Amino acid sequence: MIGIDDFKFTFDGSNIKVYVNGTLKVTKEVSGSIGLAPAPFVIGGNPNTAVTLTNPADATVDSAFIFERVLSASEISSNYSGVINPLNK
């Protein structure tokens, strides 16, 4: 059977955090800001400047949400449990 996992990533300007199935797994200190890239935002592969997809993921993305703010650890855990409706936040 193929496993299904829930991944969430946050960036607060100082740290990137990776949550898997509602649990914090990795924190990496980084500096800087999220800037504009010459290619569109892509989930599931690597865009290049020719706006084509290279190295596509051998997976299916069921849903993706982008928030305008950093979610707290408790919000991510609640979201994984189905408590938060991302369309209402």
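Note: hydrogens, waters and symmetry copies are ignored here, and every other heavy atom, side chains too, is used. Predicted model only: the values in this text are computed from it and were never measured.
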- Item | Ser77 side-chain N/O to Ala73 backbone N/O, donor-acceptor pair under 3.5 Å | no
- Message: So, taking the atom named CZ in Phe9 and the one named CG in Leu71, what distance separates them when rounded to the nearest 0.5 Å?
- Response: 13.5 Å
- Closest heavy-atom pair, Val70 versus Glu75, reported as atoms and distance to 0.1 Å, is O-OE1, 4.4 Å
- Task: Measure across Val26 and Leu24 and return the closest heavy-atom pair with its distance rounded to 0.1 Å.
- Result: O-CD1, 3.5 Å
- Message: List the residues meeting side-chain hydrogen bond (donor to acceptor under 3.5 Å, both in side chains) with Lys8, not counting sequence neighbours, and say none if there are none.
- Response: Asp6, Asn79
- Item | Contact summary for Gly32 and Phe11, nearest pair of heavy atoms | O-CZ, 3.5 Å
- dist Ile76:CD1 -> Phe7:CZ (nearest 0.5 Å) comes out at 13.5 Å
- Message: Go through it in stages, so that I can follow the logic: the residues are Phe67 and Thr10, the test is side chain to side chain contact (heavy atoms under 4.5 Å, CB included), and I'd like the CA-CA distance, side-chain angles, deciding distance and then a yes or no.
- Response: CA-CA 9 Å; Phe67 292 85; Thr10 65; over 6 Å; no
